[in-house]
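Taking it in order: structure first as structure tokens, then the write-up.
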There are 2 protein chains.
Amino acid sequence: MISSPPKPAKPKLATRRRLIDATARLFAEHGYNGLTMRSVAQEADANLAAANYHFGSKDALVLEMLSERIQPINKRRLALLEEAKRRNGKLAPSAHEIFHSLIFPIGEEIARSSKSRWSLAQLVARTFTEPVYFIERMHQKFFSQIAKLYHQELSLAFPNVPTKEIHWHLHLAVSSMLGALAQHRRLRDFTEGVCSEEEVGEMINRLIRFVTHGFVMGINSSSTE
Amino acid sequence: MISSPPKPAKPKLATRRRLIDATARLFAEHGYNGLTMRSVAQEADANLAAANYHFGSKDALVLEMLSERIQPINKRRLALLEEAKRRNGKLAPSAHEIFHSLIFPIGEEIARSSKSRWSLAQLVARTFTEPVYFIERMHQKFFSQIAKLYHQELSLAFPNVPTKEIHWHLHLAVSSMLGALAQHRRLRDFTEGVCSEEEVGEMINRLIRFVTHGFVMGINSSSTE
DNA sequence: AATCTATTAAAACGCTTGTTTGAAAAAATA
DNA sequence: TATTTTTTCAAACAAGCGTTTTAATAGATT
């Protein structure tokens, strides 16, 4: 009698993968200091020593997870920005198109990660507010170049506006984006149930319009004063 | 020979006060989980047991500190709002006046706390992003009523706008405020040195204009679409 | 001056943390 | 099938955590 190769009923993903996913969930919920190797092991249904075996340390594990989650979003941002530039030919993209390319990819990733949808929003926002030094450093590495690029693009779109004004308003726009992502889970409480966190696309679209208005109107009012 | 009563060269503040101040600094910098009783004791130049003697527990110490820092800001907010209403008589205050009363008091407190000026901005922002449960609860207690009040005021100022729209845009405005406070210490890096964190008043004024624009334009564009 | 209360101080308690160890199990290779 | 490599697992490690205890000190009150 030939028996088929014994496959586990639930074909577990590789331990490495489960560890990273568990780290993402727990980091988003509890932050770096609130995340423990034991909680990761339990959440990933793995042994405590597994995380250190695969990644070497807690820091390395978290960095690997952050890199894996953030890089695709940045790639998509650049793609959308290029697409907008191609679409406009010689004209510079509008502020709305630029901020759309900056913010929309996060919404896409949130929608893609169907399980515990909002954890990614919390995660992205957490990387900005975490006081842990190495996370600050690495986030700067991930984001400083993309910030430079968007500043260039906005300077082209608003050629008469001083560099400093662009800097100020871009900073406010990015801060607003991060604040909105970080606070979104409190939307229901804050609005006494009137608005719901489930409306992912609506939140992203409103956010894009909000920062576009703040940016454009701020730029114009400061240059005419 | 009559000797004057021996006064310490540096008349130390009461231990209780030094502990609270040290807690504020360390909470702003490291968050709740990154703050330890031993670091507080060291920063306050006090004994480890002193904190538990005066406050009972770490939680109680942090709550006392947060309450002491946040309540005056909220009192000032209400005062400015009432002043604006009185100034306008029967007319409702403008969106700019309303958001001024919401945001300006934080700038005042930042300017007042001359030592390590920006720690208060970090502190306020941290209370919104800390994942620790009891901080979420207490922050909700501090802020839910004031949020309700501002929603009422904005509903009077924009009587033709649906409640849900007010809720959405107020949420975005508050989120932007918190994001800007949390991110301000990175302003210099983010703008490659073009903008400086020292310009407290400028930042606050820009922020007020930014959220006012985002709010008003968002309200108008959504009601005319 | 004597008594009582409030505060400070050092040491220890029980618990959790990230990390390491060494052997068992599984998988891959020959 | 035999051997080697990779991965899992339970147990333990040292260090740091919040908190408690017990004694010494300072300040006020009688």
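Just so it is clear, the model here is predicted, and its values are computed rather than measured. Here is how names work: the chains are called A, B, and so on, in the same order as the sequence lines, proteins then strands, and each is numbered from 1.
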Please report the distance, rounded to the nearest Å, between [atom1] in [X] and [atom2] in [N].
X: B/Phe134; N: D/dG18; atom1: CZ; atom2: P; answer: 12 Å
X: B/Arg16; N: C/dT7; atom1: CZ; atom2: P; answer: 10 Å
X: B/Lys58; N: D/dT19; atom1: NZ; atom2: P; answer: 8 Å
X: A/Leu19; N: C/dT19; atom1: CG; atom2: P; answer: 13 Å
X: B/Asp59; N: D/dC17; atom1: CG; atom2: P; answer: 16 Å
X: B/Arg17; N: C/dT7; atom1: CZ; atom2: C1'; answer: 18 Å
X: B/Met37; N: C/dA11; atom1: CE; atom2: C1'; answer: 17 Å

(request) Examine the base of D/dG18 for any acceptor or donor lying under 3.5 Å from a partner atom in the side chain of B/Arg38, and report the outcome as yes or no. (result)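 Pair found.
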(message) Test salt bridge (Lys or Arg N to Asp or Glu O under 4.0 Å) on A/Arg38 and A/Glu43; report intermediate values, then the result.
(response) CA-CA 9 Å; A/Arg38 284 169 176 81; A/Glu43 177 91 359; over 6 Å; no
(request) Output the single nucleotide from D/dG18, D/dT19, C/dT19 whose closest atom is nearest the side chain of B/Ser57. (result) D/dT19
(request) Say whether, by atom type as modelled, one donor and one acceptor occur between the side chain of B/Arg126 and the main chain of B/Ala28 under 3.5 angstrom. (result)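 Pair found, side chain donor or acceptor close to backbone of B/Ala28.
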(request) Give a yes or no answer on whether the side chain of A/Arg77 reaches the backbone of A/Ile103 with a donor-acceptor pair at less than 3.5 Å. (result)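 No; judged by distance alone, with no hydrogens or angles, the pair does not exist.
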(message) Under 4.0 Å, heavy atom to any atom of DNA chain D: which of residues 46-54 of chain A qualify?
(response) A/Asn47, A/Ala49, A/Tyr53, A/His54
(message) Walk me through whether A/Arg185 and A/Glu197 qualify under salt bridge (Lys or Arg N to Asp or Glu O under 4.0 Å).
(response) CA-CA 6 Å; A/Arg185 64 189 166 129; A/Glu197 313 105 48; over 6 Å; no
(request) Examine D/dT7: is either OP1 or OP2 under 4.0 Å from a nitrogen or oxygen in the side chain of A/Thr15? Give yes or no. (result)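 Negative; the distance criterion is not met.
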(request) Name all pairs fulfilling the side-chain hydrogen bond (donor to acceptor under 3.5 Å, both in side chains) condition that reach into residues 51-67 of chain B, sequence neighbours left out, sorted by first residue then second. (result)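 side-chain hydrogen bond (donor to acceptor under 3.5 Å, both in side chains) check on residues 51-67 of chain B returns B/Tyr32-B/Asp59.
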(message) Within the 4.0 Å heavy-atom criterion, would you say B/Leu61 contacts the bases, only the backbone, or no part of the nucleic acid?
(response) nothing
(request) Identify, with sequence neighbours excluded, every residue that meets salt bridge (charged side-chain N to carboxylate O under 4.0 Å, His left out) alongside B/Arg17. (result)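 With sequence neighbours excluded, B/Arg17 shows a salt bridge (charged side-chain N to carboxylate O under 4.0 Å, His left out) to B/Asp21, B/Glu68, given in chain and number order.
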(request) Quick one: do B/Arg69 and B/Glu109 satisfy salt bridge (Lys or Arg N to Asp or Glu O under 4.0 Å)? Show the steps, please. (result) CA-CA 9 Å; B/Arg69 294 290 199 269; B/Glu109 282 300 320; over 6 Å; no
